[in-house]
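Please read these numbers as outputs of a predicted model, since none were measured by experiment.
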Amino acid sequence: MEYSEKQLQIIDAAQRLFAEGGFEGTSVRDIAKEADVNVAMISYYFGSKEKLLEAIVERHSSEIRTRLENLLLNTEMGPLAKIECLIDAYLDKYFIQQDFHKIVAREQMMQKNTALAHQLHEMKKKNQELVKKIIADGQKQGVFKRSIDIPLMMATMVGTTNQLVTTRHFYKDINNLQDIPDLDLLKHLKKKLSIHLKSIFKAILTYEN
């Protein structure tokens, strides 16, 4: 779905506030103030706060899905190169959109049977189906092992990234990086994660030692 500039302004404002104070702790009036719009405009464009949150998820899920579909259709890249590109694409998105991932993590922990929970479930399911097809291509070419637990593999990437970024101040302290500004630390972590995850995925997927 294509959003207007005003709709994106509201979505971005809501995303920031949901990440900071949670969905329940954020009012429509808060969002209107943050987005510098009239409260009625949010109702006009989205209908409700719940629908606004669903729009945030849909916006991001479509971006991820497009990247995966483009990788799948790419005939010039090898299977392992596609997986490495997938890792870098995920890290790029995670580090740019940390607010969105905070929202997803919080909503998944709530384990509520809601339209949003179903939407998140379907988003993950569709994305992993595309990853499955990328891996299947590699298996047909004899590059990847036959038995791969894709949900566990993807959970390794998501969980490792989330844990390291969330507890980065501990990583900073334990590695004597106290003098590094947070922005530089995040760049450092992104580079380290890229190397680390690619090494793990290569070990999981390929026959190489």
Side-chain angles (χ1 to χ4, degrees), residues 1-2 15 54-105 107-109 116-168 171 175 183-209:
M1 179 178 176
E2 293 293 328
Q15 182 172 292
E54 289 176 21
I56 291 171
V57 174
E58 176 54 34
R59 178 190 179 193
H60 287 276
S61 63
S62 63
E63 290 175 0
I64 297 168
R65 192 160 56 247
T66 299
R67 287 195 180 196
L68 288 172
E69 288 170 348
N70 289 338
L71 273 179
L72 185 62
L73 295 172
N74 191 309
T75 58
E76 297 180 0
M77 296 177 68
L80 185 59
K82 287 185 179 183
I83 294 298
E84 290 180 341
C85 188
L86 181 154
I87 291 169
D88 283 333
Y90 172 78
L91 292 177
D92 285 343
K93 195 167 188 313
Y94 185 96
F95 278 82
I96 292 171
Q97 297 289 350
Q98 290 184 51
D99 284 348
F100 174 69
H101 292 279
K102 286 179 185 177
I103 294 168
V104 171
E107 291 302 316
Q108 288 181 326
M109 284 190 294
L116 177 64
H118 177 73
Q119 185 185 16
L120 289 171
H121 177 82
E122 288 301 309
M123 177 186 75
K124 291 176 66 176
K125 188 175 178 180
K126 289 176 182 177
N127 290 344
Q128 291 201 17
E129 283 298 321
L130 291 170
V131 174
K132 184 178 179 179
K133 289 179 180 179
I134 293 172
I135 291 174
D137 285 346
Q139 290 170 330
K140 289 177 184 176
Q141 296 177 43
V143 177
F144 294 157
K145 298 172 186 174
R146 301 304 303 176
S147 180
I148 304 295
D149 190 329
I150 296 173
L152 184 58
M153 186 184 79
M154 297 303 290
T156 298
M157 179 174 69
V158 174
T160 301
T161 302
N162 184 61
Q163 174 66 15
L164 188 60
V165 174
T166 302
T167 63
R168 62 183 179 273
Y171 179 92
N175 288 284
L183 186 60
D184 290 337
L185 178 64
L186 288 171
K187 291 179 181 178
H188 173 75
L189 291 181
K190 183 180 174 184
K191 183 177 180 180
K192 296 281 284 187
L193 276 166
S194 177
I195 295 169
H196 180 68
L197 290 171
K198 287 173 185 176
S199 177
I200 290 174
F201 277 38
K202 185 177 180 180
I204 292 171
L205 292 167
T206 73
Y207 295 99
E208 296 181 37
N209 294 324

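At least one donor-acceptor pair under 3.5 Å links the side chain of N127 to the backbone N or O of M123. A donor-acceptor pair is defined here as one N or O able to donate and one able to accept, closer than 3.5 Å; no such pair exists between the side chain of Q119 and the backbone of V57. One N or O on the side chain of S62 and one on the backbone of E58 form a donor-acceptor pair closer than 3.5 Å.
Within 6.0 Å of atom NZ in K145, more than 12 heavy atoms from other residues, nucleotides or ligands are found, so the atom counts as buried in its surroundings. Within a 6.0 Å sphere centred on NZ of K93, other residues, nucleotides and ligands contribute more than 12 heavy atoms.
Inter-residue side-chain proximity for D149 and I204 is flagged as unmet; no heavy-atom pair is nearer than 4.5 Å. Side-chain contact between E63 and R67: absent, with no pair of heavy atoms (C-beta onward) separated by less than 4.5 Å. For the pair L164 and H196, the minimum side-chain heavy-atom distance is 4.5 Å or more.
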message = Would T167 and Y171 count as a side-chain contact (heavy atoms from CB on, under 4.5 Å) here? Give the steps.
response = CA-CA 7 Å; T167 63; Y171 179 92; 5.8 Å; no
query = Which is it for K190 and S194 under the side chain to side chain donor-acceptor pair (under 3.5 Å) test, yes or no, and what are the steps along the way?
reply = CA-CA 6 Å; K190 183 180 174 184; S194 177; over 6 Å; no
request  = Test K198 against D88 for side-chain contact (heavy atoms from CB on, under 4.5 Å), laying out the working first.
outcome  = CA-CA 9 Å; K198 287 173 185 176; D88 283 333; 2.8 Å; yes
message = Is there a side-chain contact (heavy atoms from CB on, under 4.5 Å) between F95 and L193? Walk through the geometry before answering.
response = CA-CA 11 Å; F95 278 82; L193 276 166; 3.9 Å; yes
ask   = L130 and R65: side-chain contact (heavy atoms from CB on, under 4.5 Å), yes or no, with the steps?
value = CA-CA 8 Å; L130 291 170; R65 192 160 56 247; 3.8 Å; yes
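Residue pairs meeting the ring pair (Phe, Tyr, Trp, His ring centres under 6.0 Å) criterion with at least one partner in residues 132-161, sequence neighbours excluded, are absent.
Of all non-hydrogen atoms in R168 and L185, the two that sit nearest each other are O-CD2, 3.9 Å. L80 and T206 make their closest contact through CD1-CG2, 4.3 Å (heavy atoms, listed as atom of the first residue, atom of the second, distance). Between K82 and N74, the shortest heavy-atom distance links the atoms NZ-O, 2.8 Å.
Listed by chain and residue number, nothing satisfies the salt bridge (Lys or Arg N to Asp or Glu O under 4.0 Å) test with K126 (two or more places apart in sequence, or in another chain).
Screening I195, D92, I200, L197 against I87 for a side-chain contact (heavy atoms from CB on, under 4.5 Å) leaves a single residue, L197.
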